[in-house]
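The structure appears right after this line, and notes come after that.
Here the structure is a predicted model, which means the values were calculated and not measured. Below, chains carry the letters A, B, ... as their sequence lines are ordered, and counting in each starts from 1.
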2 protein chains.
Amino acid sequence: MTKKIKRMGKASTPTRTQDPEGTRQDILEVASKEFALNGLSGARIDEIAARTKSSKRMIYYYFGDKEGLYLKALENAYRLVREGEAKLDTEGMEPMEALKRLVEFTFDHHHQHEEFIRMVMIENIHHGQYLERSKAIRDLNVTAIDHIGRIYKRGIASGVFRKGLDPIDLHWQVSALCFFNVSNRATFSRIFGRDIGATEAQTRLRRNTVDMVLRFVAKTSALPRD
Amino acid sequence: MTKKIKRMGKASTPTRTQDPEGTRQDILEVASKEFALNGLSGARIDEIAARTKSSKRMIYYYFGDKEGLYLKALENAYRLVREGEAKLDTEGMEPMEALKRLVEFTFDHHHQHEEFIRMVMIENIHHGQYLERSKAIRDLNVTAIDHIGRIYKRGIASGVFRKGLDPIDLHWQVSALCFFNVSNRATFSRIFGRDIGATEAQTRLRRNTVDMVLRFVAKTSALPRD
DNA sequence: TACAATGTACTAACCGGTTCGTTTACATGA
DNA sequence: TCATGTAAACGAACCGGTTAGTACATTGTA
């Protein structure tokens with residue numbers, strides 16, 4: 001039995017009931033969710049197929065095998081967030097403000113893309129072995145360093161940032177705080193009996209995260225007295 | 001065929017070839033490694049059984065089912081690290097030094113217990129649903145808050161720490177940095193082409209982590225000029 | 001003897017992957 | 001305009017290895 005209605009139309013524009021790119025995309029989106037939810041070994045090809053507008057046959061037709069599908073889902077996740085990150089422009093701001101915005105943006109961005117965070121967690125469980133195979137992903141993330149690096153350089157020039165820090169280290173620290181906020185929310189919330197994901201808690205954690213980064217980078221002289 | 005040699009001995013002390021507690025412990029240790037390595041769905045009961053001095057039959061005899069075994073492995077992981085953490089005593093130190101030690105200790109401790117970190121990652125992938133079932137685990141971690149809370153209070157009293165911070169938030173921040181250092185090492189290293197796990201990198205990250213926490217908590221007046 | 005601990009062999013369901021056949025799109029040609 | 005060849009796109013049913021879990025018999029211990 002056919003379980004779904006294909007897009008119809010015999011109009012003049014070449015509409016077609018066969019839609020390779022659409023099918024491919026549909027599978028990829030469903031698979032991304034399934035892998036993010038259940039992990040590589042936990043995800044079920046049959047389940048993915050069932051949620052698809054297509055079939056299991058097509059998964060293997062387009063993606064070869066389960067690992068091939070997972071890899072594409074992983075690449076897709078990185079590509080999506082990268083596209084979002086590119087939107088932030090801090091070039092006009094003064095360094096301290098720019099860094100603040102960058103941290104806030106990263107914090108919010110991670111918060112809004114739990115699926116991506118989960119894919120990265122899962123990939124780390126697999127020791128990054130699939131990411132290793134994907135040149136596409138490695139290229140994407142280098143620009144993040146560029147961004148924070150430029151802000152830092154400007155802050156040094158204007159005398160508000162401490163010298164001797166490394167942009168990658170900075171990126172690491174910002175990532176750590178923003179990533180952990182999403183990745184460990186479940187266990188942290190349950191252990192300490194407070195819902196870390198609730199808006200009030202998030203507001204406070206966000207402020208703390210910004211504070212923490214700024215206080216780390218800023219010269220003592222550029223800090224408020226307290 | 002019996003695949004292993006049982007502890008022998010017909011001595012006067014009641015040695016026995018049947019060793020329930022030993023078998024149980026053996027299974028748990030093997031299972032912990034397998035789950036930490038492959039996740040809940042990725043781990044194989046047959047594989048665990050094979051690595052055991054015992055058999056699959058015994059796994060079900062003692063742990064009921066796969067999830068029961070996983071839960072015990074999870075509890076075991078938490079219990080082990082908790083025991084380690086209890087060893088740190090900062091009561092005699094002055095607050096700033098005590099906090100420094102606590103962060104260093106946490107950083108090192110997480111670094112040395114990758115298996116635990118992986119179990120927590122895996123549990124978070126499962127939305128903490130197994131941890132939820134375990135009262136045992138929740139009880140363990142509250143003492144961590146106690147520790148950092150006491151240090152913080154002393155720091156406030158002696159005037160070196162800023163007021164208005166929350167011990168749980170502090171714990172969150174320390175955890176985030178120390179946890180991320182282990183959990184995301186694979187993807188981070190691969191993306192930025194530097195081995196984050198190498199000793200030089202770790203030394204720098206450790207120092208940065210300590211700095212970051214101290215600068216966050218300390219009053220500006222208690223900070224070095226720069 | 002009674003009960004806890006253990007070994008062996010088995011099963012039923014699951015699940016990744018495939019076989020085989022069908023439909024659709026579209027170019028070609030008359 | 002329509003018949004036709006063909007390759008891509010698709011569906012359904014199937015397969016065989018894997019895997020969690022069990023039945024049953026046996027041994028050790030108190």
Side-chain angles (χ1 to χ4, degrees), chain A residues 1-28 30-31 34-35 37-73 130, chain B residues 1-28 30-31 34-35 37-73 130:
Chain A
M1 53 186 160
T2 50
K3 72 182 158 191
K4 64 229 62 163
I5 311 117
K6 302 241 166 179
R7 259 177 280 148
M8 286 274 73
K10 281 255 168 87
S12 53
T13 47
T15 49
R16 48 182 69 176
T17 121
Q18 279 188 196
D19 180 14
E21 203 42 52
T23 301
R24 212 189 134 87
Q25 193 58 33
D26 178 41
I27 291 173
L28 192 55
V30 173
E34 282 292 306
F35 281 127
L37 190 59
N38 302 311
L40 173 51
S41 51
R44 298 285 163 246
I45 294 285
D46 282 311
E47 186 63 25
I48 293 172
R51 294 189 194 283
T52 289
K53 292 208 276 298
S54 180
S55 68
K56 183 155 76 156
R57 176 70 183 76
M58 286 298 98
I59 293 175
Y60 286 93
Y61 185 69
Y62 285 120
F63 299 96
D65 58 9
K66 195 185 189 184
E67 296 196 349
L69 181 58
Y70 169 79
L71 183 56
K72 290 300 175 187
Y130 296 95
Chain B
M1 55 184 159
T2 50
K3 72 183 160 190
K4 64 230 67 168
I5 310 116
K6 303 242 168 182
R7 259 177 281 150
M8 287 273 70
K10 280 256 169 86
S12 52
T13 47
T15 49
R16 50 180 69 174
T17 123
Q18 280 187 197
D19 179 14
E21 204 42 52
T23 302
R24 212 189 134 87
Q25 194 58 31
D26 177 41
I27 291 173
L28 192 55
V30 172
E34 281 292 306
F35 282 126
L37 191 60
N38 303 311
L40 174 51
S41 51
R44 297 285 164 249
I45 295 285
D46 283 312
E47 186 64 27
I48 293 171
R51 295 188 192 282
T52 289
K53 291 206 279 296
S54 179
S55 68
K56 184 156 73 156
R57 175 70 184 79
M58 285 298 98
I59 293 175
Y60 286 94
Y61 184 70
Y62 285 120
F63 299 96
D65 59 10
K66 195 185 188 183
E67 297 196 348
L69 181 57
Y70 169 79
L71 183 57
K72 290 300 177 188
Y130 296 94

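For the OP1/OP2 pair of dC10(D) and a distance below 4.0 Å, the side-chain nitrogens and oxygens of S54(A) include no atom meeting the criterion. For dA9(D), neither phosphate oxygen OP1 nor OP2 lies less than 4.0 angstrom from any side-chain nitrogen or oxygen of T23(A). Between S55(B) and dT6(C), a side-chain N or O to OP1/OP2 separation shorter than 4.0 Å is absent. Considering only side-chain N and O atoms, Y62(A) lies nowhere under 4.0 angstrom from the phosphate OP1 or OP2 of dA8(D).
To the nearest angstrom, P of dT29(D) lies 16 Å from CD of E21(B). Put simply, CD1 on I27(A) is 12 Å from P on dA9(D), counting in whole angstrom units. With rounding to whole Å, Q25(A) atom CD is found 15 Å from dA9(D) atom P. Taking atom CG of D26(A) as the reference point, atom P of dA9(D) lies 15 Å away to the nearest angstrom. If you measure from atom CE of M58(A) to atom P of dT24(C), you get 14 Å, rounded to the nearest angstrom. Distance OH (Y61(A)) to C1' (dT23(C)): 13 Å, rounded to an integer number of Å.
Every residue meeting the ring pair (Phe, Tyr, Trp, His ring centres under 6.0 Å) condition with F35(A), not counting sequence neighbours, appears here in chain and number order: Y70(A). For K72(A), the salt bridge (Lys or Arg N to Asp or Glu O under 4.0 Å) partners two or more places apart in sequence, or in a different chain, are E75(A). Considering only residues two or more places apart in sequence or on other chains, D26(B) meets the side chain to side chain donor-acceptor pair (under 3.5 Å) condition with none of them. Remark: Y62(B) pairs with P20(B), T23(B), R24(B), I27(B), M58(B) by the side-chain contact (heavy atoms from CB on, under 4.5 Å) rule, at least two apart or across chains. With sequence neighbours excluded, the residues that form a side chain to side chain donor-acceptor pair (under 3.5 Å) with D46(A) are K56(A).
With respect to I59(A), the side-chain contact (heavy atoms from CB on, under 4.5 Å) criterion is satisfied by exactly one of I45(A), V30(A), D65(A): I45(A).
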Q.
At under 4.0 Å between heavy atoms, how does the protein contact nucleotides 18-25 of chain D? Give one character per nucleotide, 5' to 3', with B, S or -.
A. -SBBBBB-
